[in-house]
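So the structure is just underneath, and the comments pick up after that.
Only a predicted model underlies this, so the values are computations on that prediction, with no experimental measurement involved.
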Amino acid sequence: MFCFEFIMFPKLTSKLKAMEKIRCAWCGTDELYQKYHDEEWGRLVTDDATMFEFLILESFQAGLSWITILRKRETFGRAFDNFDYKKIAKYGEDKVEELMQDTGIVRNRLKVNAAISNAQKFMELQKEFGSFYNYISTFTGGSRIVNAWKVHTEAPATTELSDAISKDLKKRGFKFLGSTVIYSHLQATGIVDDHIESCFVRNTI
């Protein structure tokens, strides 16, 4: 009977096996959220292209849920030249108006303009520090912060580290990158590992 069920319902069996994995509860049962959690969240990122992609997405998330942004990630990529900060830094008013007509992204003029100015400031940081990761490392000493939470709700929304980075970025002219957004960025790029102790991903990174 068991073999029969496995043959007849392979998709159901696959889902049941996936459900056996212990994950951080914030990703729930949404397949896109789980894929992001399993393959990206908390894994160390050092390249500037990916760093900037997360900064763009996270700056647009302000006031919205992360899953909303994830579902628009592909269209964001198409709209913003695959998150190429060198191209974005050169956007003019025509491009801004084009973006404001794009229903596939979050059409917030302030955030669109911030994405452009942030790209320009991002490149200034590169000139000063060599890379955005190097800039972040001036605050972390180049070390990852690995926390030990029993449940995901123990993780804070901000820390002294995210406060300091956000404050410095603001001084440098960055926008929509408050402390909460920056802490999310540190989690997403693996500078901070906030996977709960029992999460299966924790032992793979």
Side-chain angles (χ1 to χ4, degrees), residues 40-66 68-70 72-73 76-77 79-100 102 105-147 155-194:
E40 295 186 81
W41 194 74
R43 295 182 184 274
L44 184 62
V45 172
T46 60
D47 68 283
D48 277 1
T50 306
M51 282 279 195
F52 186 75
E53 176 182 351
F54 277 117
L55 283 179
I56 281 268
L57 295 174
E58 287 151 357
S59 67
F60 273 92
Q61 182 203 352
L64 302 170
S65 66
W66 182 238
T68 296
I69 300 301
L70 277 183
K72 293 177 177 289
R73 187 179 189 176
F76 261 106
F80 283 91
D81 285 294
N82 200 31
F83 305 106
D84 186 331
Y85 50 85
K86 293 180 181 178
K87 292 182 179 179
I88 295 171
K90 297 179 181 178
Y91 284 178
E93 283 302 316
D94 288 346
K95 181 63 176 181
V96 171
E97 292 306 318
E98 177 186 322
L99 290 168
M100 289 302 297
D102 192 332
I105 67 170
V106 175
R107 293 181 291 175
N108 181 304
R109 190 176 296 275
L110 292 176
K111 291 181 180 180
V112 168
N113 285 325
I116 299 170
S117 62
N118 286 351
Q120 296 165 353
K121 300 301 180 183
F122 188 86
M123 293 172 69
E124 290 177 10
L125 276 184
Q126 286 182 316
K127 291 179 181 179
E128 183 176 351
F129 295 94
S131 71
F132 189 75
Y133 177 75
N134 288 346
Y135 165 73
I136 294 295
S137 294
T138 64
F139 294 90
T140 64
S143 300
R144 297 182 73 228
I145 298 166
V146 181
N147 291 315
T158 63
T159 62
E160 290 184 5
L161 174 61
S162 64
D163 289 345
I165 295 173
S166 176
K167 183 178 180 180
D168 189 68
L169 288 174
K170 184 177 181 180
K171 286 182 179 179
R172 293 173 180 274
F174 284 81
K175 300 174 182 177
F176 285 98
L177 296 180
S179 187
T180 301
V181 173
I182 289 300
Y183 193 68
S184 294
H185 184 266
L186 296 175
Q187 292 173 306
T189 57
I191 305 299
V192 173
D193 180 1
D194 270 346

Working for ring-ring contact (aromatic ring centres under 6.0 Å, His included), residues F129 and Y133: CA-CA 9 Å; F129 295 94; Y133 177 75; over 10 Å; no
query: Out of L99, V106, D102, which one pairs with F76 under the side chain to side chain contact (heavy atoms under 4.5 Å, CB included) rule?
result: V106
task: With ring-ring contact (aromatic ring centres under 6.0 Å, His included) as the test, would you mind laying out the steps for F122 and F132 before giving the verdict?
output: CA-CA 7 Å; F122 188 86; F132 189 75; 5.1 Å; yes
message: Suppose we screen for side-chain contact (heavy atoms from CB on, under 4.5 Å). Which residues come up paired with I145, at least two apart in sequence or across chains?
response: N147, L161, V192
- prompt: How would you list all residue pairs meeting side chain to side chain donor-acceptor pair (under 3.5 Å) that involve residues 53-63, not counting sequence neighbours?
  reply: E53-R73
task: List for me each residue that meets salt bridge (Lys or Arg N to Asp or Glu O under 4.0 Å) alongside D163, sequence neighbours excluded, and say none if there are none.
output: none
task: Would you check, one step at a time, whether the test side-chain contact (heavy atoms from CB on, under 4.5 Å) holds for R172 with Y135?
output: CA-CA 12 Å; R172 293 173 180 274; Y135 165 73; 3.9 Å; yes
- prompt: Is E124 salt-bridged to K127, cutoff N-O under 4.0 Å?
  reply: no
- request: Hey, could you give me the CG/NZ distance between L57 and K72, rounded to the nearest 0.5 Å?
  value: 12.0 Å
Counterpart residues, ring-ring contact (aromatic ring centres under 6.0 Å, His included), relative to F54 (two or more places apart): none
message: Under the criterion side-chain contact (heavy atoms from CB on, under 4.5 Å), I'd like the reasoning laid out for I116 against Q120: C-alpha separation, chi angles, the key distance, then a yes or no.
response: CA-CA 7 Å; I116 299 170; Q120 296 165 353; 3.9 Å; yes
message: Test of understanding: with side-chain contact (heavy atoms from CB on, under 4.5 Å), list the residues that count as partners of N82, not counting sequence neighbours.
response: none
- prompt: Side chains of D48 and Y85: is there a donor and an acceptor less than 3.5 Å apart?
  reply: no
task: Could you tell me which residues satisfy salt bridge (Lys or Arg N to Asp or Glu O under 4.0 Å) with E93, sequence neighbours excluded, listed by chain and number?
output: none
